[in-house]
J.: 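This is the structure I want to talk about, given as structure tokens.
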Number of protein chains: 2
Amino acid sequence: MVQTARLSERILESFDDLTKSERLLAEHFLENPDSLALHTAEEISSLAGVSKATTARFFKRLGFPSFKTAQRMARVRRSDSQHNKRVFSEPIQQRSGRGDLADHLASDVQNLIRTIEAIRGDELKDAVTYLARAEKVWVVGFGDNYPLAHFARAQLIKVKPDIRMIPLGGFPVPEEFASIRPTDAVLALAIGRRTATLRSILQSARLSGARTISVTDLTSSGNSELAEVTLRCRTSGLSYFDSLASPVSVMTYLCMAVADRLGQNAVDRLKYIDGIHSEWGDLG
Amino acid sequence: MVQTARLSERILESFDDLTKSERLLAEHFLENPDSLALHTAEEISSLAGVSKATTARFFKRLGFPSFKTAQRMARVRRSDSQHNKRVFSEPIQQRSGRGDLADHLASDVQNLIRTIEAIRGDELKDAVTYLARAEKVWVVGFGDNYPLAHFARAQLIKVKPDIRMIPLGGFPVPEEFASIRPTDAVLALAIGRRTATLRSILQSARLSGARTISVTDLTSSGNSELAEVTLRCRTSGLSYFDSLASPVSVMTYLCMAVADRLGQNAVDRLKYIDGIHSEWGDLG
DNA sequence: GTCAAACGATTCAAAAATGAAATTAATCTT
DNA sequence: AAGATTAATTTCATTTTTGAATCGTTTGAC
């Protein structure tokens, strides 16, 4: 566990201490995690829009002995993961685990704030547009993302009539997904462990001409953008679990914004649903 | 568009251009939106941990003529909102850029903070104890609470072996629930609309001698406690939907605290699960 | 009106950050 | 292996940021 700290981790640890140009570098690396292994210091500098000197200093500030060392480490790591093709998720680290609610919620407050800062306004607007215009929306979430997907669907269905879940019950994915059309949109929940199936789905979706949106965290290792629009949420938790408060918040916002965009239709639908709830009383 | 620009919006617009100490101020204001109206420049400076000079410059950089002007604007805005105190669930505004998201997340930040304040430490401790000691845990959530319940189970199952969902698939509730024992605990998600079934379940649970915990919002205040321990979360949203960020956060905390309480057992289980995930690669 | 107190704005010197250019290290050619 | 080439590091002058101290303005008490 000595030299295993990946770049993105180190960046996130000391994000607060970074200066403006260092943040440019930080964002560059978070968006293009392979950049360090693939490019020279000069190229990286110009990609991020800073001077070579700043790039060199950046890695020292992050605790690496030098740029070169960091690059070597990145290349080793890369060839490793080339080797055993599977992407291992981080071992669960035994962090402080002190367990004070105040600390926990404070950390989530930070997550929320940082999430606002990280999300680009134009991407968000695009996401809302895609979802609002889509004929069908496919909400995709495997493993730990399934509850999140469930949650997203529960909100979207109040606003739009045709929201499909992937995976669905015990049904095989391809059969379901076959009905995707260029007029659809896919909302992929991709926090934490990312599965190959998710990748395949996003790829198929893009091929089919549908719009793709992915909600993810900052650890997106290696893979370049999976979707047209990527909304990155902060999820760092104080202990064993990541915290999903900010993804939930972002998704609630998305639904709200979609409802807003759809205008009276959405309001009517909401009222109608509410009416049925009242009539039925229970059994919801 | 004359004087309508709120502070948080302006901060986010130019967040990328802010220096380190200015970011300290920015985060202070995002966390404490009322600070500008309530405190003097000096107090704010010391709260944020910067010098008065920096605070003064900060507001100029954001495009305000001066600190004073900004403060005056904030106070006017505040007294306005004091005036029309009612809370609409109508859409508040039609914009859809990032200012919207800023407002939304800021509102969730407030929800989180208020939630911390509202939850009593001893109740929380009891909740953790109940969940940790329980032989089986029943997670109950109907309607809109179902995704939340799903989510809670997904986390708890990583830490304890026997977590049951109610409702489950299409199976009738009583048949399932019959297996409840005095050594069990029930975690009821009761946010928003509460159903009669939920009430019945909690009542049966208490009769059976099992421990009962309910996670709920503030709309229930008044009517008698449904469960032994009630954790109230703030959920007010800016528009059509309630925001579930703080319940999610609280539940993540609960699971973390339970894991903590269980100690090595939980850690082993987590590692074991992680190992299986890695072996299987996908299909999670 | 005058004075005092409180507060915000400004100035200025010190510290930090930055990029251009020089220097050093490494890598490749022949 | 020596020279040529490329890339990383360091240096240094410039620019930016920052807080302590100072200056001005407003407010309120008498």
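Any value given below was found using the heavy atoms of this structure, including those in side chains, with hydrogens, waters and symmetry copies removed. Fair warning: this is a prediction, and the values are worked out from it, not measured in the lab. In what follows, every chain begins at residue 1, and chains take the letters A, B, ... in the order their sequences are listed.
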J.: Could you check how far CG of B:Leu38 sits from C1' of C:dC7, rounded to whole Å?
T.: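 So the two atoms are 17 Å apart, to the nearest Å.
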J.: What contact category does B:Thr55 fall into here, base, sugar-phosphate, or nothing, at under 4.0 angstrom with non-hydrogen atoms?
T.: nothing
J.: Using a 4.0 Å heavy-atom cut-off across all strands, classify A:Lys52 as base, sugar-phosphate, or nothing.
T.: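 The residue A:Lys52 makes base contact.
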J.: Quick one: B:Glu42 CD to D:dG19 C1', roughly how many Å, whole number?
T.: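 Rounded to the whole Å, the gap is 13 Å.
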J.: How far does CE of A:Met251 sit from CG of A:Leu231, to the nearest 0.5 angstrom?
T.: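 The distance works out to 10.5 Å.
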J.: Whole Å only: how far is the CG atom of A:Leu36 from the C1' atom of D:dA8?
T.: 13 Å
J.: For B:Leu18 and D:dT16, give me the distance from atom CG to atom C1', rounded to whole Å.
T.: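 Going from CG in B:Leu18 over to C1' in D:dT16 covers 14 Å.
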J.: Taking the ring centre of each residue, are A:Phe59 and A:Phe29 less than 6.0 Å apart?
T.: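 Yes, the ring centres sit under 6.0 Å apart.
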J.: Any side-chain N or O of A:Arg57 below 4.0 angstrom from OP1/OP2 of C:dG19?
T.: no
J.: Considering only NZ, NE, NH1 and NH2 on the basic side and carboxylate oxygens on the acidic side, decide whether B:Glu22 and B:Arg61 come within less than 4.0 Å.
T.: yes
J.: Between A:Lys68 and A:Val50, who's closer to the 5' end of DNA chain C by nearest nucleotide?
T.: A:Val50
J.: A:Arg61 CZ to C:dT18 P: how many Å, rounded?
T.: 8 Å
J.: Which whole-number value in Å describes the distance from B:Gln71 CD to D:dT26 P?
T.: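 After rounding, the gap between these two atoms is 15 Å.
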J.: For A:Phe64 and D:dA8, what is the distance between atoms CZ and P respectively, to the nearest whole Å?
T.: 15 Å
J.: If you compare every side-chain N and O of A:Thr19 against the phosphate oxygens of C:dA17 (OP1, OP2), does one of them come in below 4.0 Å?
T.: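 No, outside the criterion.
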J.: Measure from the side-chain heavy atoms of A:Ser51 and tell me the nearest of C:dA9, D:dT10, C:dT18.
T.: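 The nucleotide sitting nearest to the side chain is C:dT18.
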J.: Side-chain N or O of B:Lys20 versus OP1/OP2 of C:dA16: is the shortest distance under 4.0 Å?
T.: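 So the side-chain polar atoms of B:Lys20 never come under 4.0 Å of the phosphate oxygens OP1 or OP2 of C:dA16.
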J.: Keeping A:Asp217 on the side-chain end and A:Gly192 on the backbone end, is there a donor-acceptor pair under 3.5 Å?
T.: yes
J.: Please tell me if A:Ser66 has a side-chain N or O lying less than 4.0 Å from either OP1 or OP2 of D:dT9.
T.: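 For D:dT9, OP1/OP2 do have a side-chain N/O of A:Ser66 under 4.0 Å.
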J.: Please tell me if A:Thr40 has a side-chain N or O lying less than 4.0 Å from either OP1 or OP2 of D:dA7.
T.: no
J.: With heavy atoms under 4.0 Å as the rule, sort B:Ala53 into base, sugar-phosphate or nothing.
T.: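 Counting heavy atoms under 4.0 Å across all strands, the contact made by B:Ala53 includes a base.
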J.: Which whole-number value in Å describes the distance from A:Ile44 CD1 to D:dA8 C1'?
T.: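 Distance, rounded to whole Å: 12 Å.
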J.: Is there a salt bridge (Lys or Arg N to Asp or Glu O under 4.0 Å) between A:Asp144 and B:Lys158? Walk through the geometry before answering.
T.: CA-CA 11 Å; A:Asp144 281 351; B:Lys158 296 190 176 177; 2.5 Å; yes
